[in-house]
Protein chains: 2
Amino acid sequence: MTTEPRSAATVRPPGTVRPAGVATAAAGAEPPPAPGLRERKKAARRAALVDATHELVGAHGLDGVTVDMVCAAAGVSTRTFFNYFATKDDAVLGHAPWELDAGTAAVFAAGGPSGHLLDDLVTLLAPVLRDPPLGRDRMRRALELAAEHPRLMAHHVAWMDQQKDRLLDVVRSRLGDGSPHLVDTVTGLVLLLAHSTFVRWEAAGGAGDAEAHARAVVADLRAVVTA
Amino acid sequence: MTTEPRSAATVRPPGTVRPAGVATAAAGAEPPPAPGLRERKKAARRAALVDATHELVGAHGLDGVTVDMVCAAAGVSTRTFFNYFATKDDAVLGHAPWELDAGTAAVFAAGGPSGHLLDDLVTLLAPVLRDPPLGRDRMRRALELAAEHPRLMAHHVAWMDQQKDRLLDVVRSRLGDGSPHLVDTVTGLVLLLAHSTFVRWEAAGGAGDAEAHARAVVADLRAVVTA
DNA sequence: CTGCAACTTTGCAGTCAATGCAGTTTTCGC
DNA sequence: GCGAAAACTGCATTGACTGCAAAGTTGCAG
């Protein structure tokens with residue numbers, strides 16, 4: 001590292017804080033295997049880069065910021081930036097790797113928990129929406145920016161589209177291999193669901209439970225389709 | 001122009017061919033105002049650029065082709081290329097300006113023709129799907145490429161998302177200003193519809209009527225949502 | 001706490017997409 | 001034909017992004 005560490009994301013020791021509450025209701029849940037220093041540093045850096053980007057964009061506007069500026073601010077080489085993000089815009093949007101909870105996914109694949117496809121989709125997505133990989137605040141800022149800049153929104157949509165594969169697998173296990181088109185359409189529907197939820201959530205100023213917004217979207221969909 | 005004209009898209013004189021049939025059922029329809037030379041040349045060039053791009057990509061792969069190569073092949077300056085397409089990928093995808101048929105749009109906005117939102121959406125989109133601005137073949141090739149290259153598909157989705165505004169207006173006039181979220185969700189649904197239709201159409205090898213595929217998608221949606 | 005293997009970061013050189021500008025050429029409407 | 005508007009072109013420049021090989025870190029035995 002070059003000079004001083006970034007303020008924002010200090011590397012905290014492993015199994016400490018735990019967000020104060022709730023043992024996630026459901027079953028099992030082996031304690032997240034306390035990632036090593038390497039992992040934590042990586043996450044911190046990613047977050048720091050996103051933060052630096054957001055600050056600079058706030059100050060100079062989206063196109064007034066160059067990757068080099070961000071790197072300077074975050075104390076990282078340009079080359080490294082691209083080890084973390086494929087694109088400048090990815091940093092703005094805070095796109096980070098994410099996982100579907102394995103347990104929930106299994107339940108979904110088996111046709112549960114409610115048996116209603118759309119409802120179960122919401123259940124499936126809720127955890128990710130509830131705490132996104134980089135935290136709500138960063139996501140919130142990213143969405144605000146996306147709402148302002150069409151290019152970003154487009155990029156975001158595109159990114160979501162690329163995440164489809166993850167979902168495709170799960171949906172396929174639930175629906176079976178018989179109807180590939182159906183699977184595809186459903187997956188698209190999931191994206192729409194996620195997107196609309198984001199938008200509403202953001203429009204509400206980030207208030208309320210993401211899941212609630214998702215349910216509202218589902219209600220709308222039902223109304224429209226059956227009308 | 002530098003040397004020789006491109007083979008593919010010759011500039012044809014104005015009010016000639018007319019696709020042999022059907023006076024578009026509905027009312028009025030002033031004959032398309034026979035665009036002047038300028039317009040025709042522009043369209044031809046756009047098409048030529050897309051063709052050149054497709055050929056080169058076929059020969060060298062998506063990333064083996066530079067904008068300069070395309071320009072050389074099409075006999076156009078690099079600078080001009082970017083007067084036609086905002087992006088290299090836009091050329092690959094053959095993104096061109098398009099219009100919603102004013103008459104059909106009006107009918108839709110008024111709640112017609114069938115009164116069922118989804119069905120009417122299909123009716124609304126059918127003309128554009130049926131003859132896309134640059135012709136089916138080019139669209140077909142573009143979709144094939146998009147299916148191969150995730151980046152392109154992403155770009156395409158993003159592009160469609162940017163076209164939303166056009167639709168947003170129409171959907172809003174139909175649904176009223178009361179429920180902005182609903183409008184937004186419906187518009188997303190339209191995109192999903194268009195996209196899924198494309199995909200199926202492409203998967204079918206470009207065979208059959210796009211509208212038929214669209215109706216199939218709608219059927220799937222109904223099944224899923226009401227299940 | 002030593003040492004090796006695996007993983008990251010970094011600097012550098014290079015490619016190429018994309019844009020602004022200013023001067024020419026082409027088309028339009030009369 | 002003729003002037004105005006629109007399109008095309010070359011050029012110079014910026015900045016995103018990549019490959020590579022040389023350091024620097026971390027993980028994990030021994």
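Chain letters run A, B, ... following the sequence lines, proteins first, then strands; residues in each count from 1.
For the pair Arg45(A) CZ and dC7(C) P, the computed distance is 18 Å after rounding to whole Å. One atom, CG of Asp90(A), and another, P of dA16(D), lie 14 Å apart when rounded to the nearest Å. Taking atom CG of residue Asp68(A) and atom P of nucleotide dT13(D), one finds them 19 Å apart after rounding to whole Å. Protein atom CZ of Phe81(A) is 15 Å distant from nucleotide atom P of dG15(D), rounded to whole Å. Rounded to a whole Å, the CG atom of Leu49(A) is 12 Å from the C1' atom of dT9(C). Rounded to whole angstrom, the span from the NZ atom of Lys88(A) across to the P atom of dA16(D) amounts to 5 Å. For the pair Met69(A) CE and dG15(D) P, the computed distance is 10 Å after rounding to whole Å. Rounded to an integer number of Å, the gap from His60(B) NE2 to dC16(C) P is 13 Å.
Residue Thr80(B) is classed as a base contact, given a heavy-atom separation below 4.0 Å to a base.
Salt bridge absent: Asp137(A) and Arg140(A) never bring a charged side-chain N and a carboxylate O closer than 4.0 Å.
Distance alone, capped at 3.5 Å, is enough to place a donor-acceptor pair between the Lys88(B) side chain and the Val65(B) backbone.
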Identify each atom pair where a protein N or O and an N or O of nucleotides 28-30 of chain C are less than 3.5 Å apart, giving names and distance.
| from | atom 1 | to | atom 2 | distance (Å) |
| --- | --- | --- | --- | --- |
| dC28(C) | OP1 | Leu37(B) | N | 3.0 |
| dC28(C) | OP1 | Arg38(B) | N | 2.8 |

Each nucleotide N or O in nucleotides 18-22 of chain D that has a protein N or O under 3.5 Å away: list the pair and distance.
| from | atom 1 | to | atom 2 | distance (Å) |
| --- | --- | --- | --- | --- |
| dG19(D) | N7 | Arg79(A) | NE | 3.4 |
| dG19(D) | N7 | Arg79(A) | NH2 | 3.0 |
| dG19(D) | O6 | Arg79(A) | NE | 2.6 |

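Relative to the side chain of Lys42(B), the nucleotides dA16(D), dT9(C), dA7(D) differ in distance, and dA7(D) lies closest.
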Please list, one pair per line, the donor and acceptor atoms closer than 3.5 Å that link side chains of residues 188-199 of chain A to other protein atoms, with sequence neighbours excluded.
| from | atom 1 | to | atom 2 | distance (Å) |
| --- | --- | --- | --- | --- |
| Ser196(A) | OG | Leu192(A) | O | 3.3 |
| Thr197(A) | OG1 | Leu193(A) | O | 2.6 |

For residues 95-109 of chain A, please give each side-chain donor-acceptor pair under 3.5 Å, one per line with the distance, not counting sequence neighbours.
| from | atom 1 | to | atom 2 | distance (Å) |
| --- | --- | --- | --- | --- |
| His95(A) | ND1 | Asp90(A) | OD1 | 2.8 |
| His95(A) | NE2 | His156(A) | ND1 | 3.1 |
| Trp98(A) | NE1 | Gln163(A) | OE1 | 2.9 |
| Asp101(A) | OD2 | Gly103(A) | N | 3.4 |
| Asp101(A) | OD2 | Thr104(A) | N | 2.9 |
| Asp101(A) | OD2 | Thr104(A) | OG1 | 2.6 |

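Proximity of Arg40(A) to the phosphate of dT26(D): no side-chain N or O atom is located under 4.0 Å from OP1 or OP2. In terms of phosphate contacts, Lys41(A) brings no side-chain nitrogen or oxygen within less than 4.0 Å of OP1 or OP2 of dT8(C). Contact between the side-chain N/O atoms of Tyr84(A) and the OP1/OP2 oxygens of dT9(C) is found at a separation under 4.0 Å.
Evaluation of the side chain to side chain donor-acceptor pair (under 3.5 Å) test over residues 65-76 of chain A, restricted to residues two or more places apart or in two chains, returns Asp68(A)-Thr78(A). Each ring pair (Phe, Tyr, Trp, His ring centres under 6.0 Å) pair with one or both residues in residues 51-82 of chain A, not counting sequence neighbours, appears once here: Phe81(A)-Phe85(A).
Every residue was checked against the salt bridge (Lys or Arg N to Asp or Glu O under 4.0 Å) condition with Asp131(A), not counting sequence neighbours, and none meets it. Every residue two or more places apart in sequence or in another chain was checked for a side chain to side chain donor-acceptor pair (under 3.5 Å) with Glu202(B), and none qualifies. Among residues two or more places apart in sequence or in another chain, the side chain to side chain donor-acceptor pair (under 3.5 Å) test is passed with Asp165(A) by none. The salt bridge (Lys or Arg N to Asp or Glu O under 4.0 Å) check on Asp89(A) picks up Arg151(A), with sequence neighbours excluded. For Pro132(B), the side-chain contact (heavy atoms from CB on, under 4.5 Å) test picks out Arg136(B), Met139(B), with sequence neighbours left out.
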Subject >> Audit row: Asn83(B), Arg79(B), side chain to side chain contact (heavy atoms under 4.5 Å, CB included) steps and yes/no >> reply: CA-CA 7 Å; Asn83(B) 287 341; Arg79(B) 198 60 191 73; 3.6 Å; yes

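In the helix from dC1(C)-dG30(D) to dC30(C)-dG1(D), the end axes, each obtained as the rotation axis mapping the C1' atoms of four pairs onto the next four within a five-pair block, lie 40° apart to the nearest 10 degrees.
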